[in-house]
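Please read the structure below before turning to the comments.
What you see is a predicted model; the values in this text were computed from it and never measured.
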Amino acid sequence: MVLERAGLTGASGMLGGYLLSEFGRRGISCCCTSRSRPGELPNGSEWSSWDLRDRKSHAALDALFPNVQAIVLAGATVPSAQDLQTNGTLFEANVRSSLVIGEWALDRGLPVVFMSGAIVYAFPDRTGITERDEAGPRGFGGFYGFSKYLGELLFQHLALEGLRLCILRPSSIYGYVLHPTKMISKFLNTSMNDEVIELLPPFGDAIDLVHASDVAIAAIQALENEAVGVYNIASGRMASVQTVAETCVEVTGAGSVRLIGESEAAPTRRFGLNCTAAQQAFSYSPRMSLRKGLADMSAVMKHGVRS
């Protein structure tokens, strides 16, 4: 597909911002929606306010996404320590909206990229996880993870009816605009203030951190290659809590790391995804190293510009 005009939900979120930038960089116009206006809107992009909890008719969706060739669903309500959200809110925003948009896209013959996550895997601590591994509610990720799983099931049902569907399951996404309560943001803030990042066990626990720019590129490549099915998206590198903290100190040139105590338990390793399917289907390959990704975040936090 020669992609010239796309629809996007969740434009004001972290991943949505990178998608907007990548659309603009490629000269693809974008009709985007979110609850709040994005900080930056590239030339050729149009924004409309839409809270995913608000039901829309097919005619209303036509007005939000006029003449688009495809739609990327990056919008979702994510609970935080400050705003836990009710299960009902998560269901309305993350599940019912998937059905509404999916039925509209099916009726209009539009392909959909649904941004799910590795959080749906039943056993996320395994290594070499492929798309064929079991997904489903196992408690990890709480109701948010369950809502993503339900969203997948809805879209897969519509795919049986003819919806052209691509589901992406990123590992743990990071990038600028990451919530300040998240581990990486807190580590960067601490080091930039020339303070000590104190780590308690288990500081050897590791996770695959994939940069939002790599996920955004993957979504567009999937559309351009008309990929259908489910695909893992990850960096292919495990980063321990200690490694992340030390890299934050390195890129900011300030602060230090102090390990407190010793970890007796074996470290966990989460979201060790196998991305062979994405590599074969649309030439996915992660480009952003952890050091460059954290340096980019640090530059935005300090000066409002990327390094």
(request) Carefully, step by step, assess Cys32 and Leu41 under the rule side chain to side chain contact (heavy atoms under 4.5 Å, CB included). (result) CA-CA 9 Å; Cys32 62; Leu41 203 61; 3.8 Å; yes
(message) If you apply the rule side chain to side chain contact (heavy atoms under 4.5 Å, CB included), what do you find for Val177 with Tyr18, and how did you get there?
(response) CA-CA 10 Å; Val177 196; Tyr18 280 95; over 6 Å; no
(message) Checking Phe271 against Asn232 for the side chain to side chain contact (heavy atoms under 4.5 Å, CB included) test, could you report, in this order, the C-alpha distance in whole Å, the side-chain angles of both residues, the deciding distance, and whether it holds?
(response) CA-CA 10 Å; Phe271 301 151; Asn232 289 335; over 6 Å; no
(request) Would you sort out whether Arg169 and Lys148 count as a side chain to side chain contact (heavy atoms under 4.5 Å, CB included), showing the intermediate values? (result) CA-CA 10 Å; Arg169 292 175 176 169; Lys148 282 295 185 181; over 6 Å; no
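The CD1 atom of Ile197 sits 7.5 Å away from the CG atom of Leu188 when rounded to the nearest 0.5 Å. Of the inter-residue distances, the one linking Thr247 atom OG1 with Lys292 atom NZ reads 14.5 Å to the nearest 0.5 angstrom. To the nearest 0.5 Å, atom CD1 of residue Ile207 and atom CG of residue Asp205 are 9.5 Å apart. How far CE of Met183 is from OG1 of Thr181: 12.0 Å, rounded to the nearest 0.5 Å.
Heavy-atom minimum distance, Cys30 versus Leu20: SG-CD2, 3.9 Å. A pairwise comparison of heavy atoms in Arg5 and Pro66 identifies NE-O, 2.8 Å as the closest pair. The two residues Ala76 and Leu52 come nearest to each other via the heavy atoms N-CD1, 4.0 Å. Pairing each heavy atom of Leu15 with each of Ala212, the nearest pair is CD1-O, 3.7 Å. Contact detail for Phe203 and Gly261: the closest heavy-atom pair is CZ-O, 3.5 Å. Considering every non-hydrogen atom in both Val249 and Gly255, the closest pair reads CG1-O, 3.4 Å.
A salt bridge is defined here as a Lys NZ or Arg NE, NH1 or NH2 lying under 4.0 Å from an Asp or Glu carboxylate O, and Arg126 with Glu134 fails to meet this definition.
Between the Glu40 side chain and the Gly17 main chain, no donor and acceptor come within less than 3.5 Å of each other. With hydrogens and angles ignored, the 3.5 Å screen pairs no side-chain donor or acceptor of Ser116 with any backbone N or O of Leu168. Asn94 places a side-chain N or O within 3.5 Å of a backbone atom of Thr77 that can act as its donor or acceptor partner. A distance-only check finds a donor-acceptor pair linking the side chain of Asp51 to the backbone of Arg53 [under 3.5 Å]. With Ser185 contributing its side chain and His179 its backbone, the two residues share a donor-acceptor pair below 3.5 Å. No donor-acceptor pair under 3.5 Å is formed between the side chain of Thr243 and the backbone N or O of Ala239. Judged by distance alone, the side chain of Tyr284 and the main-chain N or O of Ala222 form no donor-acceptor pair under 3.5 Å. Using a distance-only test at 3.5 Å, with no hydrogens or angles considered, a donor-acceptor pair links the side chain of Asp133 to the main chain of Thr130. A donor-acceptor pair is defined here as one N or O able to donate and one able to accept, closer than 3.5 Å; such a pair exists between the side chain of Ser29 and the backbone of Glu4.
Within 6.0 Å of CZ on Arg269 lie no more than 12 heavy atoms contributed by other residues, nucleotides or ligands. More than 12 heavy-atom neighbours from other residues, nucleotides or ligands sit within 6.0 angstrom of CZ on Arg108. Atom NE2 of His58 sits in a crowded spot, with more than 12 heavy atoms from other residues, nucleotides or ligands closer than 6.0 Å.
With a 4.5 Å cut-off on side-chain heavy atoms, Thr127 and Met238 do not count as touching. Residues Leu273 and Asp208 have side chains not in contact (no heavy-atom distance under 4.5 Å, counting atoms from C-beta outward). You'll find the side chain of Tyr144 reaches within 4.5 Å of the side chain of Val78, heavy atoms only. Residues Leu158 and Leu165 have side chains not in contact (no heavy-atom distance under 4.5 Å, counting atoms from C-beta outward). Within the 4.5 Å cutoff, the side chain of Ser235 has no heavy atoms near those of the Asp214 side chain. Looking at Met192 and Ser298, their side chains come closer than 4.5 Å, going by heavy atoms from C-beta outward. By the 4.5 Å heavy-atom criterion applied to side chains, Leu61 and Leu64 are counted as neighbours. Contact of the Leu259 side chain with the Gln242 side chain is registered, since non-hydrogen atoms from C-beta on lie closer than 4.5 Å.
Evaluation of the salt bridge (charged side-chain N to carboxylate O under 4.0 Å, His left out) test over residues 240-261, restricted to residues two or more places apart or in two chains, returns Glu198-Arg258, Glu250-Arg291. Screening residues 25-46 for ring-ring contact (aromatic ring centres under 6.0 Å, His included), with sequence neighbours left out, gives no hits. Pairs passing the ring-ring contact (aromatic ring centres under 6.0 Å, His included) check and including a residue from residues 112-132, sequence neighbours excluded, read Phe114-Phe155.
Listed by chain and number, the residues in a side chain to side chain contact (heavy atoms under 4.5 Å, CB included) with Arg26 are Glu22, Ile28, Ile217, Ile220, Gln221, Glu224 (sequence neighbours excluded). For Val228, there are no side chain to side chain contact (heavy atoms under 4.5 Å, CB included) partners, not counting sequence neighbours. Listed by chain and residue number, nothing satisfies the salt bridge (charged side-chain N to carboxylate O under 4.0 Å, His left out) test with Asp107 (two or more places apart in sequence, or in another chain).
If you look at Phe143 and Phe91, their ring centroids are not closer than 6.0 Å.
With hydrophobic clusters built from ILVMFWY side chains whose heavy atoms lie under 4.5 angstrom apart, Val257 does not share a cluster with Leu200. In the hydrophobic clustering of ILVMFWY residues, with side-chain heavy atoms under 4.5 Å counting as a link, Leu8 and Met1 come out together.
Relative ring orientation between Trp104 and Phe65 is described as tilted, the plane-to-plane angle lying within the 30° to 60° band.
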